[in-house]
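Structure first, then comments.
The chains referred to below are lettered A, B, ... by the order of the sequence lines, with proteins before strands, and numbering in each begins at 1.
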Protein chains: 2
Amino acid sequence: MISATQTNHPLNETDQDSPSAIALQVACNRLKSAGLRITQPRIAILEALIKRSLPASIEQIHAELSATVCDLVTVYRCLAAFEELGLVRRCFFHNGASLYQIALADSPSYHIVDKTSNSVGELDPELAQELSEAMRKIEQKLIARGYTDVSHLVEFFGRAPKHPIDRMQNGALMAEIR
Amino acid sequence: MISATQTNHPLNETDQDSPSAIALQVACNRLKSAGLRITQPRIAILEALIKRSLPASIEQIHAELSATVCDLVTVYRCLAAFEELGLVRRCFFHNGASLYQIALADSPSYHIVDKTSNSVGELDPELAQELSEAMRKIEQKLIARGYTDVSHLVEFFGRAPKHPIDRMQNGALMAEIR
DNA sequence: AAGTTATTGTAAACCATTTAGATCTGTTTA
DNA sequence: TAAACAGATCTAAATGGTTTACAATAACTT
């Protein structure tokens, strides 16, 4: 609310019109309509996820919360709840640990985990798109056979080229995981 | 055993010519040429894997070994070693636990985990083939970009139809995990 | 058959994640 | 607006799958 121009609010730290703020609103609405409460920790966690956009580990998310916000266990619980709502998407680190990524409306993204640098990058959109098709197709067949509650998990692993330049050419965002 | 002919080896309990026996030979040769020793536990584990052919959990494999064969930890170690040799393929249960499947020459198989019955089935060959293509294609692009040691992980989850008949129509083998 | 060295057994450590029970806090209601 | 009902969180401890340390054992080598 307020707003109009991002600009004339001197001490406007919450920036009500920014995409992030809107994303947060959307997320909170989803929580509300699912009958879940809008709590301090949940807001903070959502903000962290939205800010990062790339997958993050539970520890990492917890670490980003201003110390006093909440316990690690709460992060676990919130993310489990968010996942059930489809608010976040879960993927996996090469050691098997869970990573979570905000999932607001955008099409599913797939990741490549760099085992050398411990970072996670996104597959570029065209590849992701194509893969997404293939997966959907298979899921459809499974559903046609009577399977319900169908989901899938896809992860790529590898060692990234050493030269940052090459990595840039990927056009893929990368984020280090702890 | 004592099979009606299969050949004429009266008390031939090890059935030297059976596909399983041959598979075991192949596996042992691979161990040997990798400089690993052919031990009691390893043979027993390989036999169990070959007999089952579908993915099995570590506990499950260990349970199938005649009590005195070896420790659970040894099963862990052997499977890790086998995986490194490419002798087994690893996939995942919906709780994140590892499952291992023998992998002798056959093309990669993909699985659907039934969250209701706790069983794992194989995707039928055509679907698997198709998916395998799609994955290879993406991996190729990653390699072209300089990634090395590239691998992937794909798993489907769902709840299988209640009627066994439907399940049979899948034409897919199913095996319960624990 | 003896020696070497990988492999195994045992016990304990690890780590991510989950649970139990008490307490707190959003949200609803009066 | 205050009381009251869940739902959510905190703390601590338990789980469960997997790994490690180190001494004992058993494959392979000669």
Going through the checks in order, is the side-chain contact (heavy atoms from CB on, under 4.5 Å) test met by B/Arg90 and B/Gln101?
CA-CA 6 Å; B/Arg90 182 196 207 167; B/Gln101 175 176 37; over 6 Å; no
Heteroatom pairs (N/O) under 3.5 angstrom, protein to nucleotides 18-20 of chain D:
| residue | atom | partner | partner atom | Å |
| --- | --- | --- | --- | --- |
| D/dT18 | OP1 | B/Ser98 | N | 2.9 |
| D/dT18 | OP1 | B/Ser98 | OG | 3.0 |
| D/dT18 | OP2 | B/Tyr76 | OH | 3.0 |

Rounding to an integer number of Å, can you tell me how far A/Leu79 CG sits from C/dA16 P?
15 Å
Under 4.0 Å, counting only non-hydrogen atoms across every strand here, what does B/Val75 touch: a base, just sugar-phosphate, or nothing?
nothing
Tell me the interatomic distance from B/His94, atom NE2, to C/dT17, atom P, rounded to whole angstroms.
17 Å
Under 3.5 Å donor-acceptor, A/His62 side chain and A/Val73 backbone:
no
If I take atom NE2 in residue A/His62 and atom C1' in nucleotide C/dT17, what distance separates them, rounded to the nearest angstrom?
14 Å
Is A/Asp124 salt-bridged to B/Lys141, cutoff N-O under 4.0 Å?
no
Hey, what bend do you get for the helix from C/dA1-D/dT30 to C/dA30-D/dT1 if you fit axes on five pairs at each end, rounded to 10°?
30°
Close side-chain approach of B/Leu131 and B/Phe156, heavy atoms under 4.5 Å
yes
Measure CD1/B/Ile61 against P/D/dG17 and give the value in whole Å, please.
14 Å
Is a donor on one side and an acceptor on the other found under 3.5 Å between the side chain of A/Arg42 and the backbone of A/Arg37?
yes
Distance check needed: C/dA6 P versus B/Leu85 CG, whole Å only.
15 Å
Send over the distance from A/Ile43 CD1 to C/dT25 P, rounded to a whole Å.
14 Å
Measure CG/A/Leu65 against P/D/dT9 and give the value in whole Å, please.
11 Å
Does B/Lys137 come within less than 4.0 Å of A/Glu130, counting only side-chain N to carboxylate O?
yes
Just the rounded figure in Å: distance from P of C/dT18 to CG of B/Asn95.
10 Å
State plainly whether the residues B/Arg89 and B/Glu83 are in salt-bridge range, i.e. N to O under 4.0 Å.
no
Encode nucleotides 23-30 of chain D as B, S and - characters from 5' to 3', where the letter depends on protein heavy atoms closer than 4.0 Å: B to the base, S only to sugar-phosphate, - to neither.
---BBS--
Where does the angle between the aromatic ring planes of B/Phe157 and B/His94 fall among parallel (under 30°), tilted (30 to 60°) and perpendicular (over 60°)?
perpendicular
Heavy-atom closest pair, residues B/Ala128 and B/Leu123
CB-O, 4.3 Å
Quick check against the 3.5 Å criterion: does B/Glu155 have a side-chain atom that pairs as donor or acceptor with the backbone of B/Phe92?
yes
Determine whether B/Leu79 and B/Val69 fall in the same hydrophobic cluster, where Ile, Leu, Val, Met, Phe, Trp and Tyr are linked whenever their side-chain heavy atoms lie under 4.5 Å apart.
yes
